There are 2 protein chains.
Amino acid sequence: MVRQRGFDKEKALDIAMELFWEKGYAATSISDLTAIMGIQRPSLYATFGDKEKLFEAALRKYTNLHASLIRTKLQNTISVKEAFRNLFEELIEKEYKNKVSKGCFCINTIVELAPHDEKFEILTREHEMYLSVIFQETLLKGIKSGELESNLDVKALAQTLVVALIGITVLLKSHPERSFVDKSVTLILSLIK
Amino acid sequence: MVRQRGFDKEKALDIAMELFWEKGYAATSISDLTAIMGIQRPSLYATFGDKEKLFEAALRKYTNLHASLIRTKLQNTISVKEAFRNLFEELIEKEYKNKVSKGCFCINTIVELAPHDEKFEILTREHEMYLSVIFQETLLKGIKSGELESNLDVKALAQTLVVALIGITVLLKSHPERSFVDKSVTLILSLIK
DNA sequence: ATCATTTTATACCGATTGGTATATTATACT
DNA sequence: AGTATAATATACCAATCGGTATAAAATGAT
């Protein structure tokens, strides 16, 4: 009884996510978005509400994808310490490969919007807290398997790994010497024992 | 022979620095700036060039102030480890006191502009590298005084402290539970031995 | 006091911003 | 096949963007 949408909503959202991720909220215009998404302005507004709603939808999609990606990477290895090492090293490798480093969409949003909009403060904080829970679970598995010491302060270590992940992700955007970030990753991983 | 400027250039730059620091480059308009600086648009352009030049001048002023502030704080204590602890704790205290946390102007710029403008990539990277040098000097002093172990990897530790400082500064903008950041600071400081 | 020089204030520029009104096109059900 | 409904395309909106032309006001040297 109705005309159906001529584009894939999820694909369009993916493209919007990539652009917001790369340029941030303020620097991305509706014209930029419609051009790259391949849709007209009224379609964007009819489908996603307004610019802020679209941004929020894109960020929620990112945090879901990011969390499950992290969880998967931490599950697929025998050694917990190796898993964390691979996590950091893949992050570093990817940022040095790409010419323009987008960093982490969630971290970018903490910096740009969290201080000025409580909605994004909560959304981004909860994602970081969720990451620390994933890290805790991974560390606990390492203790149970006997790989890690049983008297490890799992919570403190997980939170420190989150802090380190944030610090390295941000620092990579300024393209420091590779050895700089490699050395600090090695030292941080030495806390997992 | 000429009319003299009716405002203090350095004071005006300080005010611009605060606003760019709080809102970022894209979200700060010339009208915002002239209003808070108390000057007219042509005065701004005559004195500082254009928006980007003003931003760069503000950021350079910030990095200079920030570096000397950090160096001062690390000098004024007998124990090196205590000095670093105070550095982190004062940062945390300040961010929890203020309602809107501006974070670090340099870090904000790494996230917003470094990936899209080589000038700011270089400027911000050099500041972070400079901080790591200050940290190295401080740690070396601790070794010479006998407080720290002589086999400490000073470079790796200094770089890790920079990474941790960045991570905590960013995370604070999402207002996590106080215990979260306190615990990770304690664990990071345990690397200084 | 006059004059050259620079800052100031007002007003304006075209371009772009986020967001919509309108009218046309395409679809699913009767 | 006709009709109700929603998505599309075009064109437009006021507001704001970064930046400037112009002219009045203020200054220090003569």
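Here is the naming used below: chain letters follow the sequence lines, and residue numbers restart at 1 for every chain. Owing to the predicted nature of the structure, the values given are computational and were not obtained by experimental measurement.
Thr28(A) comes within 4.0 angstrom of the backbone, heavy atoms only, and of no base. At the heavy-atom level, Ser31(B) lies under 4.0 Å from the strands shown only through sugar-phosphate atoms.
When the P atom of dG18(D) is taken as reference, atom CZ of Arg41(B) falls 7 Å away, rounded to whole Å. Per the geometry, OH belonging to Tyr25(B) stands 9 Å off C1' belonging to dG18(D), to the nearest Å. At whole-Å resolution of the value, CZ in Phe48(A) and P in dG18(C) are 16 Å apart. Atom CD of Gln40(B) and atom P of dT6(C) are 20 Å apart (whole Å). Atom CD1 in Ile30(A) sits roughly 17 Å away from atom C1' in dA9(D) (whole-Å rounding). We find that CG of Asp50(A) is positioned 14 Å from C1' of dT17(C), with the value rounded to whole Å.
The base of dT27(D) is not paired with the side chain of Arg3(B) by any donor and acceptor separated by under 3.5 Å.
Not less than 6.0 angstrom separates the ring centroid of Phe48(A) from the ring centroid of Phe55(A). Taking the six-membered ring for Trp, Tyr130(B) and Phe135(B) have ring centres at least 6.0 Å apart. Between Phe120(A) and Tyr25(A), the ring centre distance reaches or exceeds 6.0 Å.
DNA chain C is contacted by both Lys51(A) and Ile39(B); Ile39(B) maps to the nucleotide lying nearer its 5′ end (nearest heavy atom per residue). The nearest heavy atom of DNA chain D to Gln4(B) and to Ala26(B) marks one nucleotide each, and the one closer to the 5' end goes with Ala26(B).
Residues Lys94(A) and Glu90(A) are not paired through a salt bridge, judged by the lack of any N-O separation under 4.0 Å between the basic side chain and the carboxylate.
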